[in-house]
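Within every chain, numbering begins at 1; the chains are lettered A, B, ... in the order of the sequence lines, protein sequences first and strands thereafter. Only this structure's heavy atoms are used, side chains among them; waters, hydrogens and symmetry mates stay out.
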Amino acid sequence: MYRPADVETEVLERWLAAKAFHARPDDPGEAYSIVIPPPNVTAALHLGHALNNTLQDVLTRYHRMLGRNALWMPGTDHAGIATQTVVDRRLQQEGQPSLKDYKQREARGEGGREAFVQKVQAWKDEYEAEISSQLKRMGCSCDYDRQRFTMDPVCAAAVREAFFRLFKDGLIYRGKRLVNWDPVTQTALADDEVEMREVDGSFWYMKYPIVERQGVPGSGIRDRPNPEPGSRTPASDGWRATGEHVTVATTRPETMLGDTAVAVNPDDPQRKHLIGQFVRLPIVNRVVPIVGDGYVTLPDADSSDAKASYASGFLKVTPAHDPNDYEIGFRHEKSIVAATGHVLINVMAPDASISVEHGWPEQDHQQADAFLRDELVGKSREDARKLIVGWFKREGLLEETRPYRHSVGHSYRSHVAIEPYLSDQWYVAVKKQIGRLSDEGALADTDVPANSLAGLALRAMAPDQMAGAERGDGVTIPGRDRGALAAEDPDKPLKPLGVGEKVWEGHLRFYPDRYARTFQHWHEGIRDWCISRQLWWGHRIPVWRRVDAALVNATGMAPGERDPDGPMVVEDSEWTQRGCVHLEDTIGDEEVETIVCVPPGPREQETVADLEAEGFTQDPDVLDTWFSSALWPLSTMGWPRPDDFPEFIPEGDKVLEKWNPTNVLCTAREIITLWVSRMVMFNLYFSDPDLDPRSDGQRLPFYDVFIHAMIQDGHGQKMSKSLGNGVDPVDIIHSHGSDAMRFTLAHMTTQTQDVRLPVDLICPHTGEIFEPRYITAKGGAGGARVMAPTQQCPKDPDKQMVTFYGVSSGHVQATDDMPLARNTSSKFDIGRNFANKLWNAVRFALTRLGEAQEGGQAGTAGQAGAADYQLADRWILSRLARTVRLANESLSEYEFNRYAQGLYDFVWRDLCDWYIEAVKPELGERATARAVLATCVDASLRLLHPAMPFITEKLWSHLNAVVPRRGLPELDLPASEMLARAAWPRIKREWIDERSERGFELIQQVVGAARQVRTEHTVPPRQVVDISAKAPPAIAQQLLEHKALVAVLANVTPREVGPRVDRPGDAAAAVTGDIELYLHGLVDPELERQRLARRADELATQVSRLKSRLGNDSYVSKAPAHLVEQTREQLAAAEREIEAVQEQLAALA
RNA sequence: GGGCGAUUAGCUCAGUUGGCCAGAGCGCCUGCUUUACACGCAGGAGGUCACAGGUUCGAGCCCUGUAUCGCCCACCA
């Protein structure tokens, strides 16, 4: 039995010692490269990564064997918020000082930030090492000498350079905007980081009293002497209640503190007359205008539209706490400011508690009821909601409460509801025209300028994959037309686009192509990218700022090159002379902020020191993780100045020149927008020679994007770290072996289907495999089915263990009594069984080939010639040729399951079940058979190597030892000491030999029929049976010629064969096609009768089906002639056979 | 609300321009410790291709609709 553990370690060491995966730019061969989607250092890899990396390794090894200079660039991602959160949670669990404590230390000036970052760094070091080790155990042929990390010095230099260039080109700006604020991690999130969740909430209907200026009676509204409670007003402010109300409907009553308007639809006949009037906000006593805005839904109680049926016609407008209200607020800025002085009133602290100190003007909140200060300030938004609703109720201002289910954005990290929150953030302007490039206008059907970042991404797309761009006749598809190439020479692997071609427009292609649409739509509706994060773990923004009082219009402000409301460029300052970008921006009316962006380089440290000496401080934010990931295909190769890092990139510019663009990006569909899009934009932008004189051509980050399936657990849930349902690939390697895991993963990778993978546990005490107990998770991963943290062994209930979920969720820890149970899954049996089969088959072949060698009959290569080929030889070589073709075709199209299935069928079904069985007895005597066998083994190992590198490499060394010289006259199989660097088989197309295939299929048919009869008559396998056959002359001739084959495969002794053979009286008969087989000495008339009758039935249905088809005139006239002819032949054959069966039946009676 | 995908044997999945009696692996049944392999060999049972219409000589495949599941996108009070 094959024991993977014995082999894998040794083989891995040999590869690493030989630096078999190290790519050098000067080595021969066309470039081929892949950059790994850098796994997050939050945790170890799970099977989803194993799938992702297996596919990349299959591609890398395949292309390496094709003779290409293949680089697979490995590395990891710092994953800012994710890692920071994970480390903080772990610190809390362990009772150590956590982020909160470090923040206090930082506030006291005790270096908390640095200390915390060190904690995260330690975590990163641990998991980075583990990830590397996992990759190696999976056999990934990465260039481990080039391993990068998104925050290492090489990548950091790229990030600072990229930021600087974008900043200089005016594509980065800072603005006060509503962001998706996570109050727990206290950072802004990108839109993509927000998960929508259905939540059971309520609609509250709250009454706001209408007020009018004292002494100016409202039209048609009578004064009332005694205003209702709740509409009491400070007598001093000159407004008084009219006694009327408007009723706003809201799901978020707590934000009413920040309302600065109420809106009605100007087309609302019943309410539009109120536009221009005012209401007084209860509690805060702010008087706000009623404005008309078309955004407001007209109420309609009977409408099927939920919104209309819930609407009251009045919308409270809270610009600082709702994105829509923000828009409305600024549409009516003038009237709002006239009434309240401010459009934006922020009523919350960063932790989403009610606060008057984060943008709530003092003169405004001072007029509020004491209730605000006494009860609300400092309360969480949830508590504030209850208190405010309670207040409205007590005051008789709560008209109604209705339950309402709606979707609310949640943080994908902390899982709490997102607060739309006003703050200063940095943005990349993705739709802004790129400076210094000519204006090419907007792309068709969009408002995306062709020379914006988003425009570049859209222009990169293959035109035939663009929706709306019809592919007409005569339209050439850029890149490769795979169909045409395959037709030209199907045996030749398709050539990937080379680096030298320097093409990009129209050359980005998605597999499967439907994902192109996701990409396209994202860019057509793209919004500016918020790149700042209020975290500590990440790349600091390389901007230094200083606020100076009363400096407005002081000196040196150059005419604004940009947005007149934005900052001004300072042309000739101390800082610009040092290469920095220097801006000045006014804050309010009295202060000016000086902003300096520092470029990376040798003088960077000095400049920063001088800036800080002059009172500048660095922006505290870090960059969105995806900013550094977006540079990955560039930064890993040393962009922009590899010469600065000779210890990491000794070859300098050559690496980038050789391998960027990469050939393909393999990833899952969830990050098409987050990552794929941004790499395309950045790689194109930063390689543009118009903007970068060092670049010799604008380049894509990759030509192909292959989107593969996702792995789900046994309950159909995505396998993910946050769910804790991930399975460590090393567990599977323990139970099944690395090759088995890889083969199985490749085998289940189809174009559409996500893979469901039920998981079992292995009891660490008894080794028993069992199905674990599941529970429904609470909290973060709420509602998900997860393994119970502890399990007991079904064999021995006293034996307990803990699960991966239990440990990773912090519920339990592994101990000696309760160790961690490894996972396994029977899904991987197919790979394990196949590896075992291959192992045994090759071992057998080598034994027999070795014996022949010792007997002095070396006779492998060179001696065999076409004249010596037997039917079985020609057949297996034909099958081999087809298999090579299939492998080339399927791997070129990223159809991994076809590749894996094709090899499985060839090795197991064709080679083992038929060819080896056929030539077994003659291997000693027939050199040609030995040569063919050695060739098939050789080629199979090469073909399987990309999927199963360990076992094939091990067997390869045995093959080299036993049969050092192999091959056939028609086929050159270049020798190689190491399979990982061996050549891919190039099989001649002429080997596909349909005649021999049909000939061998006839043998298979006869053997199958004979075996069936043997089994039915329960003939012991070892017993040889005499057989004779009646068949038409041509077929009889073939059978006679190959009777030795039939004899061996069916374990029979052929007797008479011919057109007029009689059935011996004691023989069982079988009819197959035009052949009648007689197996002598197996008299059992009853069995016989049953089988023949069954066959007769089958044939009868077949005949009637064929007859009715031919009886259909329209079939005969409309179907293609060859099909009709084929049907006729089938009918004739079936009728002949049925006649033969009837004859045999009659003979029995 | 928009888009995409899925629904085929008990389970997990193939099925490449519509043309076979719809396939594989696991599981199940029968027989084999046949000197490569029991993680195996030989044979076998098992399917209304989610449902309803339509196009066609012919539909698992194309069209329309329905149901169920999943994913992505969307600012919904």
Which nucleotide, in any strand shown, forms a Watson-Crick or G-U wobble pair with [N], with both distances under 3.5 Å?
{"N": "B/rU7", "value": "B/rA67"}
{"N": "B/rG43", "value": "B/rC29"}
{"N": "B/rU35", "value": "none"}
{"N": "B/rG18", "value": "none"}
{"N": "B/rG1", "value": "B/rC73"}
{"N": "B/rC62", "value": "B/rG54"}

Quick one: label [X] by what it contacts on the DNA or RNA (base, sugar-phosphate, nothing), any heavy atom closer than 4.0 Å.
{"X": "A/Arg3", "result": "nothing"}
{"X": "A/Ala841", "result": "base"}
{"X": "A/Ser826", "result": "nothing"}
{"X": "A/Pro758", "result": "nothing"}
{"X": "A/Trp908", "result": "sugar-phosphate"}
{"X": "A/Arg1014", "result": "nothing"}
{"X": "A/Val317", "result": "nothing"}
{"X": "A/Pro323", "result": "nothing"}
{"X": "A/Thr1018", "result": "nothing"}
{"X": "A/Gln1012", "result": "sugar-phosphate"}

Worksheet entry | Base B/rA77 paired with A/Ser312 side chain (donor-acceptor, <3.5 Å) |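 Side chain to base: no pair below 3.5 Å.
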Select one nucleotide: of [options], the one nearest the side-chain heavy atoms of [X].
{"X": "A/Phe844", "options": "B/rA36, B/rC20, B/rA77", "answer": "B/rA36"}
{"X": "A/Gln1102", "options": "B/rG70, B/rC21, B/rC39", "answer": "B/rC21"}
{"X": "A/Lys1118", "options": "B/rC57, B/rA77, B/rA24", "answer": "B/rC57"}
{"X": "A/Cys912", "options": "B/rA36, B/rC39, B/rC21", "answer": "B/rA36"}
{"X": "A/Glu917", "options": "B/rC76, B/rC21, B/rA36", "answer": "B/rA36"}
{"X": "A/Arg843", "options": "B/rA24, B/rA36, B/rC57", "answer": "B/rA36"}
{"X": "A/Tyr404", "options": "B/rC21, B/rA77, B/rC75", "answer": "B/rA77"}
{"X": "A/Asp913", "options": "B/rC41, B/rC21, B/rA36", "answer": "B/rC41"}
{"X": "A/Arg669", "options": "B/rA77, B/rC71, B/rG44", "answer": "B/rC71"}
{"X": "A/Arg517", "options": "B/rG3, B/rC57, B/rU34", "answer": "B/rG3"}

Side-chain donor-acceptor contact under 3.5 Å, [X] with [Y]:
{"X": "A/Tyr421", "Y": "A/Asn180", "value": "no"}
{"X": "A/Glu524", "Y": "A/Gln520", "value": "yes"}
{"X": "A/Trp522", "Y": "A/Ser677", "value": "yes"}
{"X": "A/Tyr205", "Y": "A/Arg402", "value": "yes"}
{"X": "A/Arg843", "Y": "A/Asn840", "value": "yes"}
{"X": "A/Asp760", "Y": "A/Thr824", "value": "no"}
{"X": "A/Tyr310", "Y": "A/Thr297", "value": "no"}

Worksheet item: Is a side-chain donor or acceptor of A/Arg1095 paired with a backbone partner of A/Val1141 at a separation under 3.5 angstrom?
Response: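 Absent.
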[atom1] atoms of [N] and [M], separation to the nearest Å:
{"N": "B/rA52", "M": "B/rA14", "atom1": "P", "answer": "24 Å"}
{"N": "B/rG27", "M": "B/rU48", "atom1": "C1'", "answer": "24 Å"}
{"N": "B/rG15", "M": "B/rA59", "atom1": "C1'", "answer": "14 Å"}
{"N": "B/rG19", "M": "B/rU12", "atom1": "C1'", "answer": "29 Å"}
{"N": "B/rA6", "M": "B/rC61", "atom1": "P", "answer": "13 Å"}
{"N": "B/rU7", "M": "B/rC13", "atom1": "P", "answer": "10 Å"}
{"N": "B/rA45", "M": "B/rG5", "atom1": "C1'", "answer": "34 Å"}
{"N": "B/rC63", "M": "B/rU56", "atom1": "C1'", "answer": "12 Å"}

Whole angstrom is fine here: how far is it from [atom1] in [X] over to [atom2] in [N]?
{"X": "A/His736", "N": "B/rC39", "atom1": "NE2", "atom2": "P", "answer": "12 Å"}
{"X": "A/Leu757", "N": "B/rC26", "atom1": "CG", "atom2": "P", "answer": "17 Å"}
{"X": "A/Phe330", "N": "B/rC75", "atom1": "CZ", "atom2": "C1'", "answer": "16 Å"}
{"X": "A/Trp914", "N": "B/rC41", "atom1": "CH2", "atom2": "P", "answer": "13 Å"}
{"X": "A/Glu524", "N": "B/rA74", "atom1": "CD", "atom2": "P", "answer": "14 Å"}
{"X": "A/Tyr295", "N": "B/rC75", "atom1": "OH", "atom2": "C1'", "answer": "6 Å"}
{"X": "A/Asp760", "N": "B/rG27", "atom1": "CG", "atom2": "C1'", "answer": "14 Å"}
{"X": "A/Glu1098", "N": "B/rG44", "atom1": "CD", "atom2": "C1'", "answer": "12 Å"}

According to a strict under-4.0 Å criterion, is [X] in side-chain N/O contact with OP1 or OP2 of [N]?
{"X": "A/Arg527", "N": "B/rC75", "value": "yes"}
{"X": "A/Arg1105", "N": "B/rC21", "value": "yes"}
{"X": "A/Arg909", "N": "B/rG25", "value": "yes"}
{"X": "A/Lys837", "N": "B/rC41", "value": "yes"}
{"X": "A/Lys920", "N": "B/rA36", "value": "yes"}

Worksheet item: Any idea which heavy atoms bring A/Ala918 and A/Val1048 closest together, and the distance?
Response: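 Between these two residues, the closest heavy atoms are O-CG1, 4.1 Å.
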Item to complete: Select from A/Lys316 and A/Asn1112 the residue whose nearest nucleotide in RNA chain B is closer to the 5' end of that strand.
Response: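 Going by which nucleotide is closer to the 5' end, it is A/Asn1112.
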Item to complete: Could you say whether A/Arg756 or A/Asn840 is positioned toward the 5' end of RNA chain B, judged by the nucleotide with the nearest heavy atom to each?
Response: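 The residue whose closest nucleotide sits nearer the 5' end is A/Arg756.
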Worksheet item: Per the ring-ring contact (aromatic ring centres under 6.0 Å, His included) rule, which among A/Tyr899, A/Trp908, A/Phe834 passes with A/Phe743?
Response: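 So the option named by the test is A/Phe834.
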